[in-house]
Amino acid sequence: MAHWLIKSEPSTWSWAQQVAAGDKGTHWNGVRNHSAKLSLMAMQVGEEAFFYHSNEGKAIVGIVKVISPYYPDPSDPTHRFGMVDFAAVRPLANPVTLEAIKLEPRLSQMVLVNNSRLSVQPVRDEEWAIVLEMSR
DNA sequence: GCCAACGTTGGC
DNA sequence: GCCAACGTTGGC
């Protein structure tokens with residue numbers, strides 16, 4: 001199973017709102033970037049992703065799971081981009097901040113560090129485990 | 001609020 | 001097909 005990371009500005013869509021959406025989850029629409037699209041297309045139902053708060057908080061705050069495979073994003077007039085649905089799984093006991101991630105040498109290859117603008121990105125298995133360890 | 005990094009657009 | 005101009009993202 002692959003792991004992922006998705007970003008959201010809390011002022012637009014927060015972890016609290018994601019939790020409130022429950023098992024029905026939310027449509028992750030609005031992605032308009034090719035790299036992000038490739039990750040969305042590769043996602044399988046049941047795979048988990050870190051939920052990262054950008055701008056305010058700048059931390060991984062929870063885990064979501066994919067509850068629907070990739071399908072067209074009706075909000076895209078060009079019909080080039082699609083989306084998946086995510087539902088909240090659980091919060092992290094302690095959010096893992098971008099600062100802490102940057103200080104951890106074993107996470108120096110994370111896309112979050114190297115390509116900070118990419119809103120949907122893959123996470124390596126070892127990176128996933130290290131972040132979970134840091135959240136305890 | 002600034003600005004660097006990056007992606008996209010459009011003129012040529 | 002190149003590349004300058006522009007818009008957006010997101011850390012600082």
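Throughout, a chain's letter reflects where its sequence line sits, starting with A, and its residues are numbered from 1. Note: hydrogens, waters and symmetry copies are ignored here, and every other heavy atom, side chains too, is used.
Within the helix from dG1(B)-dC12(C) to dC12(B)-dG1(C), the inter-axis angle between the opening and closing five-pair segments is 10°, rounded to 10°.
In this structure, the CG atom of Leu98(A) is 6 Å from the P atom of dG11(C), given to the nearest Å. When the P atom of dG10(C) is taken as reference, atom CD1 of Ile6(A) falls 12 Å away, rounded to whole Å. Straight-line distance from the CD atom of Glu9(A) to the C1' atom of dT9(C): 8 Å, rounded to whole Å. With rounding to whole Å, Lys37(A) atom NZ is found 15 Å from dG7(B) atom C1'. As a whole-Å value, the separation of Arg32(A) CZ from dT8(B) P is 12 Å.
Listed in residue order, the members of residues 111-123 of chain A having a heavy atom less than 4.0 Å from DNA chain C are Ser116(A), Arg117(A).
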Checklist line | side-chain contact (heavy atoms from CB on, under 4.5 Å) evaluation trace for Glu133(A) with Glu104(A) | finding: CA-CA 12 Å; Glu133(A) 194 181 296; Glu104(A) 170 52 69; over 6 Å; no
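OP1 or OP2 of dG10(C) has at least one side-chain nitrogen or oxygen of Lys7(A) nearer than 4.0 Å. For Tyr52(A), no side-chain nitrogen or oxygen approaches OP1 or OP2 of dT9(C) to under 4.0 Å.
Among residues two or more places apart in sequence or in another chain, the ring-ring contact (aromatic ring centres under 6.0 Å, His included) test is passed with Trp128(A) by His3(A), Phe50(A). Remark: Gln121(A) engages no residue in a side-chain hydrogen bond (donor to acceptor under 3.5 Å, both in side chains) (not counting sequence neighbours). Every residue was checked against the side-chain hydrogen bond (donor to acceptor under 3.5 Å, both in side chains) condition with Ser68(A), not counting sequence neighbours, and none meets it.
Residue pairs meeting the ring pair (Phe, Tyr, Trp, His ring centres under 6.0 Å) criterion with at least one partner in residues 85-108 of chain A, sequence neighbours excluded, are Trp28(A)-Phe86(A).
Of the residues Val66(A), Val31(A), Asn33(A), the one that meets the side-chain contact (heavy atoms from CB on, under 4.5 Å) test with Leu40(A) is Val31(A). None of Arg32(A), Arg80(A), Lys37(A) except one satisfies the side chain to side chain donor-acceptor pair (under 3.5 Å) rule with Asp73(A); the exception is Arg32(A).
Counting only distance, with no hydrogens or angles, the side chain of Lys7(A) and the backbone of Leu112(A) share no donor-acceptor pair below 3.5 Å.
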